[in-house]
Amino acid sequence: MAALDDMLAGRAYDAADPSLTAMRRHAQGLLRRYNATIEGDDASALGELLGTWNGAAIRPPFHVDYGRHIHFGPGCFVNFGGVFLDVAPIRIGARVQIGPQVQILTADHPRDPARRATGEESGRPVTIGDDVWIGGGAIILPGVTVGGGAIIGAGAVVTRDVAPGVTVAGNPARPLRPCP
């Protein structure tokens, strides 16, 4: 599985590799099963899908590439419509609250159009510390680390690391100044 090794190491890889396609299809089957549930139904598909579930409350619909590269700490909540593209690890700390329609993206593409046209992709991990609150519609881009206790404002596009305890908002996300 050279393509998987390259993908997880952040090196360029071919997303159309048959082994990766099979892994995505498996994840899609589990998601089909989970996304057909309603609150309170059996969530066992999440235990099969995710690298570390820890009982995270995830409201369907939920969308991932592979699932197995996503790791939740205890006490997490993901509201409706989460999109977590996990071509690299996504590590989410304890008690993280994630609003509706949040996207956590590890997948990246070459800036050179000729390389992009070949289907080449790469990825960089995303790490979110404990007790983070991510507002609805926020997007966290590849390679970002969000420190513990931080707040990501609704609709923010997080392109850079966020220090612990800091509130960011906007596109691109910037720290908010405290009120006088």
Side-chain angles (χ1 to χ4, degrees), residues 1-10 13-108 121-152 154 158:
M1 283 213 199
L4 176 62
D5 293 339
D6 287 341
M7 181 180 81
L8 292 175
Y13 68 94
D14 178 6
D17 179 86
S19 66
L20 296 179
T21 300
M23 288 173 55
R24 285 192 306 274
R25 288 182 56 82
H26 177 72
Q28 295 311 305
L30 292 168
L31 285 169
R32 180 186 300 149
R33 190 171 104 203
Y34 179 69
N35 286 335
T37 67
I38 58 173
E39 190 168 351
D41 278 355
D42 179 22
S44 63
L46 292 175
E48 294 177 55
L49 175 69
L50 299 170
T52 310
W53 176 30
N54 261 324
I58 301 173
R59 291 190 173 164
F62 182 56
H63 306 281
V64 304
D65 272 329
Y66 301 94
R68 64 174 62 182
H69 310 126
I70 301 170
H71 305 278
F72 283 98
C76 292
F77 173 78
V78 179
N79 214 324
F80 302 106
V83 175
F84 292 26
L85 301 186
D86 62 316
V87 304
I90 297 173
R91 299 194 183 283
I92 299 171
R95 300 168 304 281
V96 173
Q97 302 293 301
I98 299 175
Q101 306 300 320
V102 166
Q103 299 177 49
I104 300 176
L105 313 174
T106 65
D108 205 353
E121 293 184 16
S122 64
R124 291 179 288 148
V126 169
T127 302
I128 298 170
D130 295 342
D131 301 306
V132 170
W133 176 19
I134 303 173
I139 301 171
I140 300 176
L141 295 181
V144 167
T145 296
V146 178
I151 297 172
I152 309 299
V158 183

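Being a predicted model, the structure only gives us computed values, none of them experimental. Worth knowing before you read on, the calculation uses all heavy atoms, side chains too, and leaves out hydrogens, waters and symmetry mates.
- Side-chain contact between Phe84 and Leu50 is absent, with no heavy atoms from C-beta onward closer than 4.5 Å.
- Remark: side-chain polar atoms of Asp86 are paired, donor with acceptor, to backbone N or O of His69 under 3.5 angstrom.
- Side-chain contact between Tyr66 and Leu20 is present, with at least one heavy-atom pair separated by less than 4.5 Å.
- The shortest non-hydrogen separation linking Arg95 to Cys76 is N-SG, 4.0 Å.
- The distance from the CD1 atom of Ile70 to the CZ atom of Arg91 is 11.5 Å, given to the nearest 0.5 Å.
- Checking Asp17 against Ser19 by side-chain atom types alone, a donor-acceptor pair falls below 3.5 Å.
- Between Gly123 and Ala88 the shortest heavy-atom distance is C-CB, 4.1 Å.
- With rounding to the nearest 0.5 angstrom, the CD1 atom of Ile90 is 7.5 Å from the CD1 atom of Ile128.
- Inter-residue side-chain proximity for Arg59 and Pro100 is flagged as unmet; no heavy-atom pair is nearer than 4.5 Å.
- Looking at heavy atoms from C-beta onward, Val158 lies out of side-chain contact with Ile134 at the 4.5 angstrom threshold.
- Annotation: the span from Leu4 atom CG to Arg68 atom CZ amounts to 7.0 Å, rounded to 0.5 Å.
- Annotation for Val87 and Met7: closest pair O-CG, 3.0 Å, computed over non-hydrogen atoms.
- Between Asp65 and Gln28, the closest heavy-atom pair is O-NE2, 4.1 Å.
- Side chains of Asn35 and His63 form a contact here, defined as non-hydrogen atoms less than 4.5 Å apart.
- No donor-acceptor distance shorter than 3.5 angstrom exists from the side chain of Asn54 to the backbone of Ala56, with no hydrogens or angles considered.
- Aromatic ring orientation, Phe72 versus Phe62: tilted (interplanar angle from 30° to 60°).
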Assess whether side chain to side chain donor-acceptor pair (under 3.5 Å) is satisfied between Ser44 and Asp42, documenting all intermediate values. CA-CA 6 Å; Ser44 63; Asp42 179 22; 3.0 Å; yes

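- Between the CD atom of Glu121 and the OG1 atom of Thr106 there is a distance of 9.5 Å, given to the nearest 0.5 Å.
- Of all heavy-atom pairs between Leu105 and Val126, the closest is O-CG2, 3.8 Å.
- For the atom pair Thr52 OG1 and Leu46 CG, the distance stands at 12.5 Å (nearest 0.5 Å).
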Going through the checks in order, is the side-chain contact (heavy atoms from CB on, under 4.5 Å) test met by Ile152 and Val102? CA-CA 11 Å; Ile152 309 299; Val102 166; over 6 Å; no

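- Between Val78 and Ile92, every side-chain heavy-atom pair lies at or beyond the 4.5 Å cut-off.
- With values rounded to the nearest 0.5 angstrom, Thr127 atom OG1 is found 10.0 Å from His71 atom NE2.
- Between the Ser122 side chain and the Gly10 main chain, no donor and acceptor come within less than 3.5 Å of each other.
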